[in-house]
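Letters go in sequence order (proteins before strands), and every chain restarts at 1.
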Number of protein chains: 2
Amino acid sequence: MEHSRIALAHPADATPGGDRASASSAYWYPDGHTPSAVDVLNLLRRYRTAETAMRARTRSSMHMNETDLLALRHLLRAQQRGDLVRQRDLSTLLDISSASVTALVDRLEQSGHVERRPHPSDRRSVVVVPTADTDREVRHTLGDMHQRMIAVVDGMTGEQLVAVGTFLAGMVEAVEESSTPPTRSAQTR
Amino acid sequence: MEHSRIALAHPADATPGGDRASASSAYWYPDGHTPSAVDVLNLLRRYRTAETAMRARTRSSMHMNETDLLALRHLLRAQQRGDLVRQRDLSTLLDISSASVTALVDRLEQSGHVERRPHPSDRRSVVVVPTADTDREVRHTLGDMHQRMIAVVDGMTGEQLVAVGTFLAGMVEAVEESSTPPTRSAQTR
DNA sequence: GGCGAGTTGCTAGGTTGGCTAGCAACCATG
DNA sequence: CATGGTTGCTAGCCAACCTAGCAACTCGCC
């Protein structure tokens, strides 16, 4: 069983400086100095790593692969909103072929996570709905984490929230590469 | 060719409120109000989506899968630091079997991205090194993005950086779920 | 009304990238 | 120097994606 363990907590995303900065809410940088730009970006990468590991854990605890889980999340959100989801929708959302969606829904149906229902107005289509158990399961698995995340943000001042928002928006922009003029709007997409 | 396109810019990560908030650096929330906790978390999710899409783009532009790219990044970082990387190391880092690493290195060697070298002191081991071309390629592909990211962070005040750092550290903690006492250290791991 | 083009989800068969098992070469320790 | 652990390889398996092609259905247009 060389493998089994899935995603260690820290896949050694080691950086030159090591990854100290033990994740405490208030004092995340050891010395009292203002964090440098690089520190912050490292921390962002660290978050990404942690999140990936978390997903692996969830996936494993639900005996499910990434795509299936993504589909499930979308189904739950759509259900909450009262939207119908056809297989076609999953295909475009997940960017996989219709054949793969058939297989995917087969798996989820097999495991009792979703049900196929006839579409009310289009007899070609199949509507996919999550079961009540699925909702409970996901809520239970991810609910605590969401609580903690909200708690962190709730504990911040308005000014701090603006800073974080600005930062995240900047990261999105940087990553989306479109390199639009800094005047807002006008995205190519 | 139903597929080809990979990762649209916005895989419709639609949220109840829609995902307006066009990604401008300074004014990322439309009204002048302080962003709510949920706004910020939505933005974080949005970043995650954008980053995933970016990875898909990179992967496709380099004709490579996620694992291979991860391996490559690690190899480049190790090289910069002057460290040797054995296949075994990749195995533990990526959490895949030694057999899969053999296949992985085969692929990367085939495509000219890495070379196998004998280990200086252990004749069982194989040292994997990235080629100069690879370094150039990655630098070219990701360099601009890094510049933009650094620029964003550089443009922030010390106070703002602290806010962002606190936020990210909090997110890491929330996601790692260990639910350690808020006094730092003592991680289970 | 009916006919042709487009859409939806299914089946069939191929490819990729993981896996386990087992092995030869090598290291290291008593 | 023998014996047990480590490293990377081969062989064979499997999950989850793909493309191609099809039957059932919808819809727009005569």
At a heavy-atom distance below 4.0 Å, what parts of residues 109-128 of chain A sit against DNA chain D?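 Heavy-atom contacts with DNA chain D come from Asp122(A), Arg123(A), Arg124(A).
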How would you list, by chain and number, every residue that makes a side-chain contact (heavy atoms from CB on, under 4.5 Å) with Ser121(B), sequence neighbours excluded?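 In terms of side-chain contact (heavy atoms from CB on, under 4.5 Å), with neighbours along the sequence ignored, Ser121(B) is linked to His119(B).
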Could you pull out all residues at least two apart from Asp68(A) that satisfy side-chain contact (heavy atoms from CB on, under 4.5 Å)?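 Asp68(A) satisfies side-chain contact (heavy atoms from CB on, under 4.5 Å) with Met64(A), Asn65(A), Leu104(A), Arg107(A), Leu108(A) only.
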When the distance from [atom1] of [X] to [atom2] of [N] is rounded to whole Å, what number comes out?
X	N	atom1	atom2	value
His63(B)	dT16(C)	NE2	P	14 Å
Leu94(A)	dC17(D)	CG	P	9 Å
Leu104(B)	dT7(D)	CG	C1'	16 Å
Leu84(B)	dG8(D)	CG	P	12 Å
Leu90(A)	dA16(D)	CG	C1'	16 Å
Leu69(B)	dG17(C)	CG	C1'	15 Å
Asp89(B)	dT6(D)	CG	P	14 Å
Asn65(B)	dA16(D)	CG	C1'	14 Å

In terms of side-chain heavy atoms of Thr102(A), which of dG18(C), dT11(C), dC18(D) is nearest?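 Selected nucleotide: dT11(C).
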Just N and O in the side chain of [X]: are any of them under 4.0 Å from OP1 or OP2 of [N]?
X	N	value
Gln87(A)	dC10(C)	yes
Arg107(A)	dC17(D)	yes
Ser91(A)	dT8(C)	no
Arg86(B)	dT7(D)	yes

With sequence neighbours excluded, what pairs up with Arg116(A) under the salt bridge (charged side-chain N to carboxylate O under 4.0 Å, His left out) test?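 Partners of Arg116(A) under the salt bridge (charged side-chain N to carboxylate O under 4.0 Å, His left out) test: Asp106(A), Glu109(A).
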Who passes salt bridge (charged side-chain N to carboxylate O under 4.0 Å, His left out) against Glu137(B), sequence neighbours left out?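 With neighbours one apart ignored, the set is empty.
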Consider only side-chain N and O atoms of Thr131(B) and Thr134(B), and report whether a donor and an acceptor are under 3.5 Å apart.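 On atom types as modelled, these side chains qualify, holding a pair under 3.5 Å.
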Does the dC10(C) base have a donor-acceptor partner in the side chain of Ser98(A) within less than 3.5 Å?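 Check passes, donor-acceptor contact within cut-off.
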Tracing side-chain links under 4.5 Å among I, L, V, M, F, W and Y, which residues wind up in one group with Val127(A)?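 Cluster partners of Val127(A): Leu84(A), Val129(A).
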Determine, for Asp144(B) against Arg148(B), whether the closest basic-nitrogen to carboxylate-oxygen distance falls under 4.0 angstrom.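 Between Arg148(B) and Asp144(B) there is no salt bridge, as every charged N stays at least 4.0 Å from the carboxylate O atoms.
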